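Presented below is the structure to which this report refers.
Since we're looking at a predicted model, the values are computed, not measured. In what follows, every chain begins at residue 1, and chains take the letters A, B, ... in the order their sequences are listed.
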Protein chains: 2
Amino acid sequence: MRSNITMKDIADKVGVSSVTVSKALNDKEGVSDSLKLKIKKIAGEMGYRYNSAAKSIKEGLSYNIGVMIPQRFTGMNDSFYLRVYQQISLHLEHYGYFGILNVLSNEDEEQLSFPRVYNENKVDGIIILGQVSKEYINIVQTMNLPKLFLDFYDEHAEIDSIIQDNFYGAYELTNYLIAMGHREIAYVGNIYSTSSIQDRFLGYYKSLLEHGLAFQERLLLNDRDERGRYIEIKLPEKMPTAFVCNCDQVAYNVYERLTELGYQIPSDCSVVGFDNDIYATLVSPHLTTVEVDIDQMARTAVKFIMEKIANPSRRNGRVLVQGKIIYRDSVQRLEASN
Amino acid sequence: MRSNITMKDIADKVGVSSVTVSKALNDKEGVSDSLKLKIKKIAGEMGYRYNSAAKSIKEGLSYNIGVMIPQRFTGMNDSFYLRVYQQISLHLEHYGYFGILNVLSNEDEEQLSFPRVYNENKVDGIIILGQVSKEYINIVQTMNLPKLFLDFYDEHAEIDSIIQDNFYGAYELTNYLIAMGHREIAYVGNIYSTSSIQDRFLGYYKSLLEHGLAFQERLLLNDRDERGRYIEIKLPEKMPTAFVCNCDQVAYNVYERLTELGYQIPSDCSVVGFDNDIYATLVSPHLTTVEVDIDQMARTAVKFIMEKIANPSRRNGRVLVQGKIIYRDSVQRLEASN
DNA sequence: CTGAAAGCGCTTACAG
DNA sequence: CTGAAAGCGCTTACAG
């Protein structure tokens, strides 16, 4: 137990009641300005610090938001989720809130235990980052608390979620290639592997459709096996002029493959990626790609969860956050030829 | 205000007092086993959740630890600090604690404001991740709370700190090269640039000394200018057989330079790095390097801060956490020739 | 084995 | 403009 200075201590020193101290420190009505000033001064001198637990107990609000990351995503080198969490905690500041990180252990997920932040009433809302099992989603839904999925959605669940717009990003990127004069455009990725690879493929597909370009099976190139391990990419006989890669790391692989075979980028082939991660600038020339707007995702998540705390019946549904294209030097404008 | 179920509600339902409910739920003495069971059952059915704010106010403990990261380290792609934070929050679990991330804004650091987690009494201790200004260190020292520096120390400050053992890591790595038969070993790094580059250099130096190898000025190769931008590495006339690079990214650069000049790794030159980050496996052959033991750092930090909460006068001083060498294929055993 | 009383630090009516 | 009283949810003595 810390020996803390309380409002009572200040009150005794100043010679007023603790009610008056409370009003003064909170800039409330009903205290003369001179007394207010005096109280604040003494409080400062005594090193007074507000006890937020007392406030919590009165208001029933903890002023904390729990951010849950399943343990599975914890060992990854790519710390996308951690960067999102960081942004979330930044945005929570504006609301006087703090973020509590709660790694959801594999056991808790399997045994369908509530997260500890929930059981102990530590938070006023929970943001879940990354995919949890179907069964666990059901548990999440029974939690009597505002909640939100981030970067993940479930088709059946009614929980609000915020996800990146994979479809639109790939669509825009392909539009760009077409605007640059490309007509023979390959897509690189195993479209049965993850939903984001699939959604990105569909964006690519839509762009082709809209521009009256037929989708050619031979230009859909596989990049990984069923277990997600990268395989050697087989290039088609008749080479396309551009490659839409499902992520930057695969673009990196495509660079290597093309270079091996003596193709120059972008003069022989243009290449675009997705994610704007470290691989995008590891290659030469640097890669044109799509960047997820982490800040926007975090900002939206915080805004939504705050709205739900104020009004628990509020629904936002599934919200897409658009990324933005980062233009670099991996795409070449083709001569007008058709 | 949430309409929560309280112990009183359970007490009313069961027909006992809330004192008895409290004892039963906390497995304390003085309640018959049958009653205890009944209370727990009803509590479960009613969806009771413990109110930790009430506990906090009684005990004067928040059961939260604040982790502060200066905003400057926030934009970095490498999320070393975030990974440390994640491990910290994992280890806090064992103690029934949670981690609150508090990004220290540049303004707060300049204006020497206390962190918000401190002002609002949100935490029982603070771990500071990454370097803050000298002036801010003084502010930190006036905080009436257990505190700890992680991955950073100040020569004058009396605050406990946990840092990675750069010196020993480079020492071990150089020992390994010597054991593999190398005698002409270069160090790559601007030793006036950062303290970690310097400490690593000194570990390399000590290893040479211990093995009776003279340090040769010509084998100290610069890798960056005063502003920290990488420069082209000038190789010495007479080539060494091995390169100790101050970090993996520089090792990556060394690979490129050597390959350009037609040297094969490791048959012509061996190369080792430091950090075991993404660059270590981006090169071929993969790099032998030193990995910081993030888990050990986090574990130690949590242990220390818990000890200080229990006993505020406790001191641990400056503690070094050793990394471990990750052996890969960038080092070649040399024929016994001397 | 069970519970009435007091208190943790603060705030919200309400009375003066 | 100021303060006594009550209460937020829980726990800690202490009495029975």
Among the nucleotides D/dA4, D/dT12, C/dA4, whichever has the atom closest to the side chain of B/Ser17 is C/dA4
Using only side-chain N and O atoms of A/Thr6, determine if any of them is under 4.0 Å from OP1 or OP2 of C/dG9. no
Result for side-chain contact (heavy atoms from CB on, under 4.5 Å) between B/Leu92 and one of B/Asn64, B/Ile65, B/Val67 points to B/Ile65
Closest to the 5' end of DNA chain D, once A/Gly15 and B/Ala53 are matched to their nearest nucleotides, is A/Gly15
Strictly below 4.0 Å: does B/Thr20 bring a side-chain N or O up to OP1 or OP2 of C/dT2? no
Residues A/Arg72 and A/Glu109 bridged, charged N to O under 4.0 Å: yes
Note to self: Whether B/Ser32 contacts C/dT2 is assessed here as follows: a side-chain N or O lying under 4.0 Å from the phosphate OP1 or OP2. Is that the case?
What the structure shows: yes
Practice prompt. Under 4.0 Å between any heavy atoms, over every strand shown, what does B/Lys28 touch: base, sugar-phosphate, or nothing? Just pick one.
Written response: sugar-phosphate
**Study point:** Candidate pair B/Asp151 and B/Tyr81, rule side-chain hydrogen bond (donor to acceptor under 3.5 Å, both in side chains), full reasoning
**Key:** CA-CA 9 Å; B/Asp151 196 47; B/Tyr81 291 131; 3.2 Å; yes
Can a salt bridge be assigned to the pair A/Asp12 and A/Lys8 using a cut-off of 4.0 Å between side-chain N and carboxylate O? yes
From OH of B/Tyr63 across to C1' of C/dC8 the rounded distance in Å is 14 Å
**Item:** A/Tyr48 side chain near C/dC10 phosphate (N/O to OP1/OP2, under 4.0 Å)
**Value:** yes
note: A/Met7, atom CE; D/dG3, atom C1'; distance rounded to Å ~ 15 Å
Rounded to whole Å, the CG-C1' distance (A/Leu35 to D/dG3) equals 12 Å
Between CD of B/Glu59 and P of D/dA13 the distance, given in whole Å, is 11 Å
Q: Please evaluate the base of C/dG3 for a donor-acceptor partner in the side chain of B/Lys23 within a cut-off of under 3.5 Å?
A: yes
B/Lys58 NZ to D/dG7 C1', in whole Å, measures 15 Å
Using a cut-off of strictly less than 4.0 Å, decide whether A/Asn26 has a side-chain nitrogen or oxygen near OP1 or OP2 of C/dT11. yes
Scanning all shown strands, the Watson-Crick or wobble mate of C/dA13 with both distances under 3.5 Å is none
In whole angstroms, the gap separating C1' of D/dC10 from CG of B/Leu61 amounts to 15 Å
The answer to which of A/Ser18 and B/Val19 contacts DNA chain C further toward the 5' end, by nearest nucleotide, is B/Val19
Whole-Å distance, A/Glu120 CD to D/dG9 C1', equals 15 Å
- Should the pair B/Phe114 and B/Tyr118 be assigned to parallel (<30°), tilted (30 to 60°) or perpendicular (>60°) ring geometry? tilted
From CD of B/Glu29 across to P of D/dC14 the rounded distance in Å is 17 Å
Picking from C/dT11, C/dT2, C/dC8, the nucleotide nearest the side-chain atoms of B/Ile57 would be C/dC8
C/dA4 -> Watson-Crick or G-U wobble partner, both distances under 3.5 Å, gives none
Intermediate values then yes/no, side-chain hydrogen bond (donor to acceptor under 3.5 Å, both in side chains), B/Asn121 and A/Ser52 | CA-CA 6 Å; B/Asn121 251 310; A/Ser52 57; over 6 Å; no
